[in-house]
Amino acid sequence: MRMPRLNSLRANIMTVVVLASGLAVGAFTAMMCYVNMRSSVALLDSRLATFADVIGQNSTAALDFSDRKAATEILGALRREPPVVSACLYDTRGRLFSEYQRDAGVAPCPRHSGMAQTLGAEFRSVTRSVCRATDFVGTIQVTADLHDVKHRNHRMVVIALALALVSLTMAGCSGSLLQRRISTPVIQLAAAMNRVTTDGTLDARVNVEGAEEITQLADGFNRMIIELERRNELAREAESRLVEQARTDSLTGLPNRRYLGEQLEQELARVQRENSMIGLLYIDLDGFKLVNDSLGHSVGDLLLREVAKRLKSRVRLTDTLARVGGDEFTVILTGLENENDATVAANGLIQSLSRPFVIEGTEITVSASIGISTRRPSGMEDHDLLKQADSAMYAAKRSGKNRAVHFSPELGLMARERLTLETELRGAIGRGEIYVDYQPEFSISSGRLVRFEALARWRHPNLGEIPPATFIPIAEESGLIYALGEFVMEQACRECLEWQKMSSAHIQVAVNASALQFTSEMFVQEVESIIKRTGLNPELVQVELTESVMIGSLEHSAQKMKRLRSLGVTLAIDDFGTGYSCLGYLPELPFTALKIDRTFVRNLQSSSEVSTMIRSMIELGQKMGLHVIVEGIEEEAQLEIVAEMGADEVQGYLLGRPSSTPRVQYAAYLDGRRTSLNGKLSTLIGS
Amino acid sequence: MTSVAVSFRHDARHSWWRALVVLAVLIPLSQNWLPAQQDERAVRAAFVFNLTKYVTWPHPRERLVIGVIGEGNMGPVLKQILDGKVSDGRRIIVLMHSSDAELRECDLLYVAESSPARIRSILDRVGSRAVLTVGDTEQFTRTGGMVGLVRSGEQIEIEVNLDALRSRQLEMSSRLLNLAVIVSASGGIR
């Protein structure tokens, strides 16, 4: 047992108990002694008075008759009273008449009653008059010492002290017992709390027996521990949920960007250890914005979930699929043999998305553009895998979407350039940097100029001409495409009006509308208001849409096209054969014309397959009742071939380059049809 | 006395001092110097007075008459000291040389006689009345007197004849009896 500390409960209880009982016993003893002493002295005094009276009474005769002997005898009776040390009898004149001395010289009687007797504090003295009836016959002084009284008091003090000792011992014992009943459970409690605070363990339970309050305290402590445990549990759950939430994308249940970052770091470290290759795919859905805008966010969200599911089913377990943004996903590919493995994986993912999704009864088609970046530990440069994949993904988008592009250093440059261009593009229309070029299209059968295609151009004051292939995607991604499209369409309509004034030939204008523009709810209204504003005959306007309008809801698109058609506007499929051609839907869409992409014509002579394809496309289009326009005619041979194939109309550098002054071009054409281009057509027709 | 006066005249200062010195010496001496006879008589008178306080008479009257009979000059001393004093509320009257008629009035009779015959005759004259008889010789109590104040060396002893007292229905305080020598008429000491 350790010595209790001074301020411990144990020490306190012991101190209080022993002190209280000690004080009580001490005070009691002291009071008893005092009272006893006082009463003993009072008793002695009264006894002395009695002695004096009795002796005095008995001495009257001796005094009266001067019988000293008799007086001495009477006084001698005091011998039986040990405390009395002396008795002095004086006659009426105060002269010492007789005396008694217990021990000679202790308290000698003065010779005369008037003389003071010098006595110490240990003596008590009583002086009484001696009277016979009423007559004064003398005085008597009886003196006693307090020796006896003191002795008895002393004895009592000793007894009291012994009793005090006994009671203190008993108090100590009972205090110790009490302390044990109180402090032992308290010490146990404190030890349990110590275990909780130092070890952090919450399994500490106290089993305490003792006073009711103590057991209550212990019960309370136990309940508190249980409650603490319960709360700890809740906190842990909440924490893990938070961690989970912080690392998970709530929509798809995939890891989020933050988790991807962590994972990527780990994988990169591992790659360095294992000397293997790591690949990162950056996936962006093509046309997801269209889905979101036309069908609503809830459908968009459901689509994302389905896309996530499909992607997930296609990646290996060792790969990490994460959703890093709205319609952006990434995959960390581990253990790659070479760069081609990454490309294979990316193409697999693209393929997995090729089947349409059915969301709430609506069939939705999406594709994906994937940027690939890979890395080997050897010769590691300080470049960000994620940024590289992102740049590559943009490159994939620009080069026609629905494909995978591997990162190359030039792409990194383009990504940076793109960023500056986007900021520049924002003010470009206001600053008049945007203008429209017109490229003529001719009818093969008549050889006549039938239409000019309006092409948006951007001349930057510092950077010069920026190609549409560069700025159109930027406009689409930044939302500037709407303003740009509207500007171009209005410009084209006004220009077209001018052409009508020059001739009665009804020259059409073809205006490109991006899929984004088309998806906008306002698109049909805008077209209508521009036509009304300019006063142009709607039949002179041909809206050219890419195949990407078929992404999303076909039904929606079809309805919109029908509304456009009802305005009188004609509709053409632009860049046919490059994008996501879903021929099955073609009959349901009210197109009036089909434009075969220039890439086909470029390979027309080198590949017989391409030639067959063009022929089939022309045939297909015409069978569906569409005008077939062939783009990109740059050589006479090409012109001859497509003419022979039965194409309705042609367009290309051979026949007329895009020009910002179509009226001059048109005037020249009207002027004599002597231009070489026209001549070529004429000869063709003629042959 | 004249010489003193003269000397006073001659040297007034010196004589005055001398007279003072003489007086200072003389006054304390004079009491011891008084004849022992007279001193003893005064003590006896005081004893008589005190005696009256320790004795209870059967039918006390207002006066306490003390008669003195016999030789010597105890009479005048008693008369001088006790006459007119009050003892237990009773005024003391001292009658000297009391006649028989007066004897009958007495409550206390001091018999200053030494001859037993004379004492006996006096006591006979007192008869059986409650008269406290006090004498001053050894023979007194043995002759039938009640209280004897007998000189013994320097002291006066009290002798009491209890039988005589009781026969006259006089009671004496036991305190006094404690001091006294009890004597019987037959002459023995008890």
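As the structure is a computational prediction, the values presented were derived from the model and not from experiment.
Contact of B:Leu149 with chain A is not made at all, since no heavy-atom distance falls under 4.5 Å. In this structure, the portions of B:Leu179 lying under 4.5 Å from any heavy atom of chain A include both its backbone and its side chain. The contact between A:Thr60 and chain B is made by backbone and side chain atoms together, counting heavy-atom distances below 4.5 Å. For chain B, the nearby parts of A:Gln57 are the backbone and the side chain; heavy atoms of each come within less than 4.5 Å.
When the shell of 6.0 Å around CD of B:Gln169 is examined, it contains 12 or fewer heavy atoms from other residues, nucleotides or ligands.
A:Ile140 contributes atom CD1, which lies 8.5 Å from atom CG of A:Leu63 (distance to the nearest 0.5 angstrom).
Between B:Arg61 and B:Glu105, at least one side-chain N (NZ, or NE/NH1/NH2) sits under 4.0 Å from a carboxylate O, which counts as a salt bridge.
In this pair, A:Phe65 and B:Phe47 present their aromatic rings perpendicular. The plane angle is above 60°, beyond the 30 to 60° band.
Heavy-atom pairs under 4.5 Å with chain B peak, among A:Asp67, A:Asp64, A:Ile74, at A:Asp64.
Looking at B:Phe49 and B:Ile92, their side chains come closer than 4.5 Å, going by heavy atoms from C-beta outward.
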